[in-house]
Protein chains: 2
Amino acid sequence: MGVSLKDVALRAGVSAKTVSNVVNDYPHVTPRTRQRVQRAIDELGYRPNLTARHLRKGRTGLITLAIPELGNPYFAEVAGAVIDAAARHDLTVLLDHTAGLREKEILVSQGFRSHVIDGLILSPIRLEREDLLARPEDPPMVLLGEREYDVPYDHIMIDNVGAARIAVRHLLDLGRRRVAFLGARRESARQPAHLRLRGWREAITSAGLVPDESMVVATEGYDRADGAAAMACLLDRDKRPDAVFAYNDLVALGAMRTLVERGLRVPEDIAVVGFDDIEEGRYGAVSLSTVAPDKSGLARLAVDCLVERIAARGEDTPPAPQRILPGYRLIVRESTAIRRA
Amino acid sequence: MGVSLKDVALRAGVSAKTVSNVVNDYPHVTPRTRQRVQRAIDELGYRPNLTARHLRKGRTGLITLAIPELGNPYFAEVAGAVIDAAARHDLTVLLDHTAGLREKEILVSQGFRSHVIDGLILSPIRLEREDLLARPEDPPMVLLGEREYDVPYDHIMIDNVGAARIAVRHLLDLGRRRVAFLGARRESARQPAHLRLRGWREAITSAGLVPDESMVVATEGYDRADGAAAMACLLDRDKRPDAVFAYNDLVALGAMRTLVERGLRVPEDIAVVGFDDIEEGRYGAVSLSTVAPDKSGLARLAVDCLVERIAARGEDTPPAPQRILPGYRLIVRESTAIRRA
DNA sequence: CTGAAAGCGCTTACAG
DNA sequence: CTGAAAGCGCTTACAG
């Protein structure tokens, strides 16, 4: 099928080693030799077989990024950023989506395909601590995302509590007093929803108010449909909120859809803040205020971390695992544009 | 580093071949031998090195899917569908995004990384016919997407003209008479925008009307921002449209945002139809009518096609390249919900 | 049913 | 500065 090193060597009248030297830009090659080899390469249309190279070197130049769902714009945007960041290290990203299934997340973390990849960036949702502790050392792994774990792995995650606090404080500053939280969970306290709910609670408390737990609505998932349903459920209760802090932008957008259907105005009747800053939030009938994580920043941090881990593989004293907090900021748009008396 | 076949063979007291036979579920192995080998595998935690296997077999089980932009929900949704379809053939998808740059599209089509992948599904935008003709035979490639080419490759693409015709006819059926088209191109007639524009023209003509070219607005790209700008531009002209057919949902959503800003109602003042059926279109203040391509269908078709090409590689008489048209349907939502007198 | 040998295409010490 | 040999971890004919 293909043209091999040997063919080129034969044609150029040199050894395979010399061709290899040329291909890999080895410094010490006579210009004349280099030129001769290069010509043979061009004439034969030779291209190195990466599989063979990788077998030899023990590296493939491939890393896996495993995210819950490509259909979620936030993860799609993050994936794009990771692909770009990886390209700067000459790494190619193999994208997996786990569909938010614990089984698939375990499979990935256990090193499914590990002999093909140099490293793994995993963004887990359902995975448990013990799953992570049971995984083999290889390939190196970096966690990315808002689910908290107490495990010896590098983890890139935003300060969810702090970010939520700022979002809710923003709503309180607008004069809102009944701020709902959409997208709570019943499970583990380390879920991002719990962290953001804690921020909600802290912001309200530190404003001298009492958190009203009837303003907290749980959802099945975090999609637009979940947000729409949760908002409907909330509006059917006695007390009507005057503001909503949603787990993420999708939930917020779904909630706004329900508000339109019920004839309520945003932000006049109910102000809304989301989380993620997906592009879609800027173009609705009412643009969405939101917490914007530094996506390209966190992608870069995750890739850099992984690259270090890969380099340190097999070392006696690998660097201690660290938790890194990328930046974020609050973006104020129309959905919270009106201050109340 | 890892445990190799040889280690297992040594421990089980058999040859490497026998271990290989067990690992690959070769039929003719004594149950006793199989058991002994299996135990050695378990005890040693052996996992086959795929790179080595691939080098030997000439296949990697990897295919590349190259799309213009992961941030575009349509492509993200299609990518998810392709990943699922590929998994059914035990193929893993390596996702590339070309950022809609001709240079990157050429790179991918020329077989960048071709020694790692078994095949390629390419969704080009800027690529030209000559770029495609210049590419090497290997790896096999299948085109996916709405840019038309006259080249000997399998191509999965929707009947854009027909789909556009149906969308515009729907608007005409609602009694609209000034139907604008947002998202035209100045370039090649084979661009999907041209195909959809042709459908627009045909629908109007066959309704006994005369296409008004002042109702056609070109855009830089196909994002929400482009749609918003195009709509603004259109509204600043003399004649106001009473309906809009947008190149895609993103352009339509951007246009609707502008309509809100200008105080115009959808669909009362202006009805809107998009193309792609991205989930976001269902959850705006006004849900968006759209042409819905059968995404999982087209993903499956593309993967099946590629699998056949890979199998036929090196054959004397490979099957003739074919153009396959996946299905689509018109989805009517609120943005076209009102019939006019 | 199992084994010993060769080889996929490259790179890495080791010579010279 | 360049070459000859060995080997990465597997599978594929070929024997037996």
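Note: hydrogens, waters and symmetry copies are ignored here, and every other heavy atom, side chains too, is used.
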Inset, instruction - Please determine if a side-chain N or O atom of B:S15 lies less than 4.0 Å away from the OP1 or OP2 oxygen of C:dG3. - result: yes
Inset, instruction - Write down the distance between CG (A:N21) and P (C:dG9), rounded to a whole number of angstrom. - result: 20 Å
Legend entry - Residue B:V29, side-chain atoms from C-beta onward, closest of C:dG3, C:dT2, D:dC10: C:dT2
Legend entry - Atom-pair distance (OH on B:Y26; P on D:dA13), nearest Å: 9 Å
Inset, instruction - List in chain and number order the residues that pass side-chain hydrogen bond (donor to acceptor under 3.5 Å, both in side chains) with B:S123, two or more places apart in sequence or in another chain; answer none if no residue qualifies. - result: none
Inset, instruction - Counting heavy atoms from C-beta on, name the nucleotide in C:dT12, D:dC10, D:dG9 closest to the side chain of B:L5. - result: D:dC10
Inset, instruction - Take atom CZ of A:R53 and atom C1' of C:dT12, then tell me their distance rounded to the nearest Å. - result: 14 Å
Legend entry - Contacts of A:R323 that satisfy salt bridge (charged side-chain N to carboxylate O under 4.0 Å, His left out) - sequence neighbours left out: A:E148
Legend entry - Least distance between heavy atoms, B:L5 atom then B:A16 atom: CD1-O, 4.0 Å
Legend entry - Separation of D:dT11 P from B:D25 CG (nearest whole Å): 12 Å
Legend entry - Separation of D:dG9 C1' from B:N49 CG (nearest whole Å): 6 Å
Inset, instruction - Output yes when at least one side-chain N/O atom of A:T18 is less than 4.0 Å from OP1 or OP2 of D:dG3, else no. - result: yes
Inset, instruction - Using a heavy-atom cut-off of under 4.0 Å over every strand shown, decide if A:T33 touches base, sugar-phosphate, or nothing. - result: sugar-phosphate
Legend entry - Residues forming a salt bridge (charged side-chain N to carboxylate O under 4.0 Å, His left out) with A:R309, sequence neighbours excluded: A:D154
Legend entry - For A:N21, all residues meeting side-chain hydrogen bond (donor to acceptor under 3.5 Å, both in side chains), sequence neighbours excluded: A:K17
Inset, instruction - Using only side-chain N and O atoms of B:S20, determine if any of them is under 4.0 Å from OP1 or OP2 of D:dC10. - result: no
Inset, instruction - Could you tell me the separation between the NZ atom of B:K6 and the P atom of C:dA4, rounded to a whole number of Å? - result: 13 Å
Legend entry - Pairwise side chain to side chain donor-acceptor pair (under 3.5 Å) hits with a residue in residues 70-85 of chain B, at least two apart: A:H97-B:D84, B:E77-B:K295
Legend entry - For A:L44, side-chain contact (heavy atoms from CB on, under 4.5 Å) partners two or more places apart: A:V3, A:D7, A:V8, A:R11
Inset, instruction - Grab the CG-C1' distance between B:L55 and C:dT11 for me, whole Å please. - result: 13 Å
Inset, instruction - Ignoring backbone atoms, test whether A:T30 places a side-chain nitrogen or oxygen under 4.0 Å from the OP1 or OP2 oxygen of D:dC1. - result: no
Protein-nucleotides 14-16 of chain C N/O pairs under 3.5 Å:
none

Inset, instruction - Taking all non-hydrogen atoms of both residues into account, name the closest pair between A:I83 and B:L95 and its distance. - result: CD1-O, 4.1 Å
Inset, instruction - Mind checking B:Y46 for me? I need base, sugar-phosphate or nothing, with any heavy atom below 4.0 Å counting as a touch. - result: sugar-phosphate
Inset, instruction - Check step by step if side-chain hydrogen bond (donor to acceptor under 3.5 Å, both in side chains) holds for B:D118 and B:T60. - result: CA-CA 6 Å; B:D118 293 341; B:T60 62; 3.3 Å; yes
Inset, instruction - Taking side-chain contact (heavy atoms from CB on, under 4.5 Å) as the test, write out the residues that go with A:D304, two or more places apart. - result: A:H89, A:R300
Inset, instruction - Whole angstrom is fine here: how far is it from CG in A:N24 over to P in C:dA13? - result: 14 Å
Inset, instruction - Anything below 3.5 Å on both distances counts as a pair; with that, list the stems of at least three consecutive Watson-Crick or G-U pairs involving DNA chain C. - result: C:1-3 with D:14-16, C:5-12 with D:5-12, C:14-16 with D:1-3
